[in-house]
Amino acid sequence: RRMRTWTRFGTYRQHVANCLDALINQNGVDLVEFAEYGTEASVWMHRPRRIPMIVRCHGPASRCGGERIAWRPSNWLKYRRAWLEYHAIIAADAITCPSDAMAELIRIDGRLRGRLIEIIPNAIPYATWASAPAQPQANETDATPEIFTASSVVPPKGVQELVDAVQRLRADGRNIRLTIAGKWGVLGRALDRARHADPELASWLTLPGHLTREELKTRYRQAVLVCFPSWWENCPCACLEAMACGALVVASRAGGIPEIIRDGIDGLLEMPRDAGRLAETLARALDLAPDAQTRLRTNAQERIRTTFDVDVVIPRMLRVYAAMIQQHARPSRRQRGSA
């Protein structure tokens, strides 16, 4: 089964290379960018290149919270793919990533230490998320304050710590509930079984699974807090979307999140993997005066509008692309002149 899977992916990458060459020949493509470490580039990068190649590194593939990069896998079954990703990054004319934290992880490797890495943050359409939801949701009638998060229900997203933190707040007498939206992993299935076995847990923990964009917009607005307690994140779009909606965000002081949220200005930050400290920060956010909460929400929206909106980020991307095309064209002009 694994050999069939590997063969299919090898055929797919061959097809990607053929289609890309056809596009270059027919439509005059000037630059190609491969996302997610450039796995799809593994065949094309060995062919004679006439245009520059950029590889974008979105974040560590490791589930260890940023302690490893994708090309240093802990699972030997992933070694071949990691080898291809690593050599695609080495072969790239330029590397881009969404945060300084990710760039530092890339520079850990000796062969990449001196490479120029362009920091281009992830972007969202601010106007789409800042607009009001199309219609109210049924649970808007529930007066119990809700803490909300949207992520895969897996340990590296800090889900278990968040559940433990909310449980501590409830033990201290706070009547709050927790909603965790997103696809389930092993942890998600375990939490669902625990909800069915424990009516008290089911009374305050909800796992709705995948939600649409309109549902997320409504949840971000109606939640008293939105929390992203991941062990490590690069530049999470869910955090950008929640802030654009005007949510009061509590997140981890890890990875690229502090490059998005300025602690005490746009939201609140806390160290990951510590349910006790997370509970204290959640309590501090809940106890903020209404005007302080409004200030954080307003600052969060302004932060996204001025820094992470597509209208701000795309021009930065185009400048990097234009510089790479111009740099790649210079040697050919010198060669033509000497000829």
Side-chain angles (χ1 to χ4, degrees), residues 124 126 128-153 157-170 172 174-183 188 191 195 201-230 233 236-252 257 260-261 266-270 275 278-304:
I124 64 166
Y126 170 78
T128 299
W129 289 94
S131 62
Q135 57 185 3
Q137 301 296 309
N139 60 1
E140 287 188 6
T141 58
D142 192 338
T144 306
E146 177 189 66
I147 296 176
F148 180 74
T149 188
S151 69
S152 301
V153 190
K157 294 296 183 179
V159 172
Q160 186 61 63
E161 291 88 341
L162 180 57
V163 172
D164 294 343
V166 173
Q167 201 159 25
R168 295 186 186 204
L169 293 177
R170 289 182 59 84
D172 291 339
R174 294 180 183 268
N175 184 25
I176 56 175
R177 55 194 173 92
L178 173 64
T179 299
I180 306 172
K183 62 182 180 182
L191 287 174
R195 288 180 67 254
L201 179 65
S203 68
W204 58 267
L205 176 62
T206 306
L207 300 166
H210 173 75
L211 297 180
T212 66
R213 173 178 293 182
E214 290 301 316
E215 290 172 326
L216 283 174
K217 287 164 65 175
T218 301
R219 294 298 187 108
Y220 287 145
R221 283 177 172 81
Q222 71 184 27
V224 63
L225 292 176
V226 176
C227 187
F228 298 104
S230 301
E233 290 282 2
C237 288
C239 182
L240 302 178
E241 292 160 357
M243 293 172 68
C245 288
L248 176 54
V249 177
V250 175
S252 295
I257 295 180
I260 302 172
I261 299 175
D266 314 302
L268 298 179
L269 297 177
E270 186 51 82
L278 178 59
E280 293 174 3
T281 303
L282 292 175
R284 181 158 56 92
L286 290 170
D287 293 337
L288 287 173
D291 59 336
Q293 292 189 6
T294 300
R295 175 177 55 82
L296 290 175
R297 294 173 184 271
T298 303
N299 290 347
Q301 285 190 301
E302 185 66 12
R303 174 74 167 160
I304 301 303

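FYI, the numbering just counts along the sequence from 1.
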Novice: Has T179 got a side-chain atom pairing as donor or acceptor with F148's backbone, closer than 3.5 angstrom?
Specialist: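 It does not hold such a pair.
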Novice: Who passes ring-ring contact (aromatic ring centres under 6.0 Å, His included) against F228, sequence neighbours left out?
Specialist: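 Result, ring-ring contact (aromatic ring centres under 6.0 Å, His included) vs F228: none returned.
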Novice: Please tell me if the side chains of I304 and D266 come closer than 4.5 Å, counting only heavy atoms from C-beta onward.
Specialist: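 The answer is no, as the side chains (C-beta and beyond) never meet within the 4.5 Å cut-off.
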Novice: Testing the basics here: between W129 and R221, what is the closest heavy-atom pair and its distance to 0.1 Å?
Specialist: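 Smallest interatomic distance, heavy atoms only, reads O-NH2, 2.9 Å.
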Novice: Would you say R303's side chain and I261's backbone share a donor-acceptor pair under 3.5 angstrom?
Specialist: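 Flag not set: sc R303 to bb I261 has no pair under 3.5 Å.
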Novice: Hey, could you give me the CG/CD distance between D172 and Q167, rounded to the nearest 0.5 Å?
Specialist: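 That separation rounds to 11.5 Å.
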Novice: If you compare all heavy atoms of S152 against all heavy atoms of V159, which two are closest, and at what distance to 0.1 Å?
Specialist: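 The answer is O-CG2, 3.9 Å.
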Novice: Not counting sequence neighbours, which residues clear side-chain contact (heavy atoms from CB on, under 4.5 Å) with S203? List them please.
Specialist: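 With neighbours one apart ignored, the set is R170, E200.
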Novice: Within the 4.5 Å heavy-atom criterion, are C227 and L282 side-chain neighbours or not?
Specialist: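 They are in contact (side-chain heavy atoms under 4.5 Å apart), so the answer is yes.
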Novice: Hey, are the side chains of L178 and W204 touching, using non-hydrogen atoms and a 4.5 Å cut-off?
Specialist: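 The answer is yes, as the side chains (C-beta and beyond) meet within the 4.5 Å cut-off.
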Novice: Atom NZ of K157 and atom OG of S252: how far apart are they, to the nearest 0.5 Å?
Specialist: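 One gets 10.0 Å once the value is rounded to the nearest 0.5 Å.
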Novice: Do L278 and V250 make a side-chain contact, defined as non-hydrogen atoms from C-beta onward lying under 4.5 Å apart?
Specialist: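 Sidechains of V250 and L278: in contact.
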Novice: Main chain of T128, side chain of K217: is a donor-acceptor contact present, judged purely on distance under 3.5 Å?
Specialist: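 Answer holds: yes.
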Novice: Look at the side chain of Q301 and the backbone N and O of A244, then say whether any donor-acceptor pair between them is shorter than 3.5 Å.
Specialist: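 Side chain of Q301 to backbone of A244: a pair is present.
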Novice: Which atom names give the shortest non-hydrogen contact between A300 and A247, and what distance separates them?
Specialist: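 Shortest heavy-atom contact: CB-O, 4.3 Å.
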Novice: According to side-chain contact (heavy atoms from CB on, under 4.5 Å), who are the partners of R168, at least two apart in sequence or on a separate chain?
Specialist: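 Applying side-chain contact (heavy atoms from CB on, under 4.5 Å) to R168 gives A275, A279.
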Novice: Between CZ of R284 and CD of E270, what distance do you get to the nearest 0.5 Å?
Specialist: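 Answer rounded to 0.5 Å: 7.5 Å.
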Novice: Output the distance between atom NZ (K183) and atom OG (S151), rounded to the nearest 0.5 Å.
Specialist: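 Answer for the NZ-OG pair, K183 versus S151, is 10.5 Å.
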Novice: Side-chain contact test, heavy atoms from C-beta onward, threshold under 4.5 Å: evaluate it for I124 versus M243 and give yes or no.
Specialist: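 Of all side-chain heavy-atom pairs linking M243 with I124, none is under 4.5 Å.
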Novice: Which donor-acceptor pairs under 3.5 Å do the side chains of residues 288-297 make with protein atoms, sequence neighbours left out?
Specialist:
{"residue": "Q293", "atom": "NE2", "partner": "A285", "partner atom": "O", "Å": "3.2"}
{"residue": "Q293", "atom": "NE2", "partner": "L288", "partner atom": "O", "Å": "3.4"}
{"residue": "T294", "atom": "OG1", "partner": "P290", "partner atom": "O", "Å": "2.9"}
{"residue": "R295", "atom": "NH1", "partner": "G264", "partner atom": "O", "Å": "3.4"}
{"residue": "R297", "atom": "NH1", "partner": "G246", "partner atom": "O", "Å": "3.1"}
{"residue": "R297", "atom": "NH2", "partner": "V224", "partner atom": "O", "Å": "3.3"}

Novice: Work out which heavy atom in V153 is nearest to a heavy atom in G182; give both atom names and the distance.
Specialist: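 Result for this residue pair: CG2-O, 3.9 Å.
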Novice: Just do the salt bridge (charged side-chain N to carboxylate O under 4.0 Å, His left out) check on E146 and R219 with the steps written out, would you?
Specialist: CA-CA 9 Å; E146 177 189 66; R219 294 298 187 108; 3.4 Å; yes
Novice: State which residues pass side chain to side chain donor-acceptor pair (under 3.5 Å) with Q160; sequence neighbours excluded, sorted by chain then number.
Specialist: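 Partners of Q160 under the side chain to side chain donor-acceptor pair (under 3.5 Å) test: D164.
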Novice: Quick check for you: to the nearest 0.5 Å, what is the distance between L269 atom CG and I257 atom CD1?
Specialist: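 Atom-to-atom, L269:CG and I257:CD1 are 7.5 Å apart.
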Novice: Drop me the distance from L205's CG to I147's CD1, to the nearest 0.5 angstrom.
Specialist: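 That separation rounds to 11.5 Å.
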Novice: What pairs with E280 under side-chain contact (heavy atoms from CB on, under 4.5 Å), at least two apart in sequence or on another chain?
Specialist: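 Here no residue qualifies.
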